Amino acid sequence: MAQKKKEFFSNWRDWTQKNRSWILYAAGVLTLFGVAGGIAMLPDQVALQAVQEGQTAALVDKNTAVGAAGAIVLLFGVLFALRPRELVYFIALWLGIFLVYSLLIINLMV
């Protein structure tokens with residue numbers, strides 16, 4: 001059992017190292033589209049989390065929120081480019097992209 005798990009992570013690390021450029025390209029394109037959409041469509045003040053009925057939202061400046069989410073993706077993209085075998089950087093990169101799009105979903109659809 002432990003050997004299968006070790007082989008899975010080893011294969012995963014090899015795959016991320018082999019496809020590093022494609023992963024970074026896809027992450028960059030998705031981030032650019034998300035940031036451009038966020039700057040174009042979001043109101044001046046955005047909420048970072050969905051609020052329940054009766055609660056007041058803690059609002060933040062749009063440029064600060066979108067810039068911070070983009071900076072997270074940039075940071076982990078650079079770290080992943082330097083060390084593609086580290087799965088933590090890979091996962092954090094994609095969670096940062098999720099954060100960019102969650103800003104859009106929370107403020108435009110909810």
Side-chain angles (χ1 to χ4, degrees):
M1 179 70 174
Q3 183 66 22
K4 284 185 180 182
K5 188 182 272 189
K6 192 172 187 177
E7 288 176 14
F8 173 75
F9 283 112
S10 178
N11 290 338
W12 184 272
R13 289 179 177 155
D14 292 339
W15 181 86
T16 57
Q17 186 171 5
K18 187 172 101 174
N19 297 313
R20 170 180 41 187
S21 61
W22 285 106
I23 293 168
L24 290 172
Y25 176 75
V29 168
L30 287 171
T31 302
L32 286 176
F33 281 136
V35 168
I39 290 173
M41 293 188 295
L42 288 174
D44 290 335
Q45 298 288 314
V46 295
L48 297 179
Q49 63 182 5
V51 294
Q52 302 297 324
E53 188 175 328
Q55 290 181 331
T56 58
L59 299 177
V60 195
D61 183 46
K62 165 181 70 172
N63 294 330
T64 303
V66 173
I72 289 172
V73 174
L74 180 66
L75 171 71
F76 286 109
V78 168
L79 290 173
F80 178 72
L82 296 175
R83 302 189 81 182
R85 293 182 62 87
E86 295 292 333
L87 294 179
V88 172
Y89 299 148
F90 175 77
I91 293 169
L93 172 68
W94 290 101
L95 285 175
I97 294 169
F98 175 76
L99 178 64
V100 170
Y101 284 97
S102 70
L103 278 173
L104 292 170
I105 291 171
I106 288 170
N107 289 288
L108 296 177
M109 297 183 136
V110 176

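These numbers come from a predicted model, not from an experiment. Numbering of residues begins at 1 and proceeds along the displayed sequence. Keep in mind that the numbers below use all heavy atoms, side chains included, and drop hydrogens, waters and symmetry copies.
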Seminar exercise, completed: Shortest non-hydrogen pair, V100 vs A69, comes out as CG2-CB, 3.7 Å
For this session: Provide the full list of side-chain hydrogen bond (donor to acceptor under 3.5 Å, both in side chains) pairs with a residue in residues 70-88, sequence neighbours left out, each pair given once.
Result: D14-R85, Q17-R85
Exercise. Does one hydrophobic cluster hold both I91 and Y101, with members joined at side-chain heavy-atom distances below 4.5 Å?
Worked result: yes
Problem set entry | S21: side chain to side chain contact (heavy atoms under 4.5 Å, CB included) partners, not counting sequence neighbours | none
Please tabulate, for side-chain N and O atoms in residues 22-51, each donor-acceptor pair with protein atoms closer than 3.5 Å (sequence neighbours left out).
{"unit_1": "T31", "atom_1": "OG1", "unit_2": "A27", "atom_2": "O", "d": "2.7"}

For this session: Sequence neighbours left out, what pairs pass side-chain hydrogen bond (donor to acceptor under 3.5 Å, both in side chains) with at least one residue falling in residues 87-99?
Result: none
Problem set entry | ILVMFWY network linking L95 to V78, side-chain heavy atoms under 4.5 angstrom | no
For this session: Determine whether V66 and L99 fall in the same hydrophobic cluster, where Ile, Leu, Val, Met, Phe, Trp and Tyr are linked whenever their side-chain heavy atoms lie under 4.5 Å apart.
Result: yes
For this session: Would you please name every residue forming a side chain to side chain contact (heavy atoms under 4.5 Å, CB included) with F98, sequence neighbours left out?
Result: S102
Exercise. What pairs meet the side-chain hydrogen bond (donor to acceptor under 3.5 Å, both in side chains) rule with one or both residues in residues 68-80, with sequence neighbours excluded?
Worked result: none
Exercise. If two hydrophobic side chains count as joined below 4.5 Å and joins carry through other members, does I72 share a cluster with L104?
Worked result: yes
Problem set entry | Spacing of CG belonging to L82 relative to CG belonging to L79, to within rounding of 0.5 Å | 6.5 Å
Exercise. Got a second to check how far W15's CH2 is from N19's CG, nearest 0.5 Å?
Worked result: 5.0 Å
Problem set entry | Within residues 38-72 or reaching into it, pairs that qualify as ring-ring contact (aromatic ring centres under 6.0 Å, His included) - sequence neighbours excluded | none
For this session: Could you list all the ring-ring contact (aromatic ring centres under 6.0 Å, His included) pairs where at least one residue sits in residues 67-87, not counting sequence neighbours?
Result: F80-F90
For this session: Looking only at non-hydrogen atoms, find the nearest pair between A81 and P84 and report the distance.
Result: O-CD, 4.0 Å
Exercise. Which value, rounded to the nearest 0.5 Å, describes the distance between L75 atom CG and L93 atom CG?
Worked result: 10.0 Å
Exercise. Is there any side-chain hydrogen bond (donor to acceptor under 3.5 Å, both in side chains) pair reaching into residues 57-71, and which pairs are they, with sequence neighbours excluded?
Worked result: none
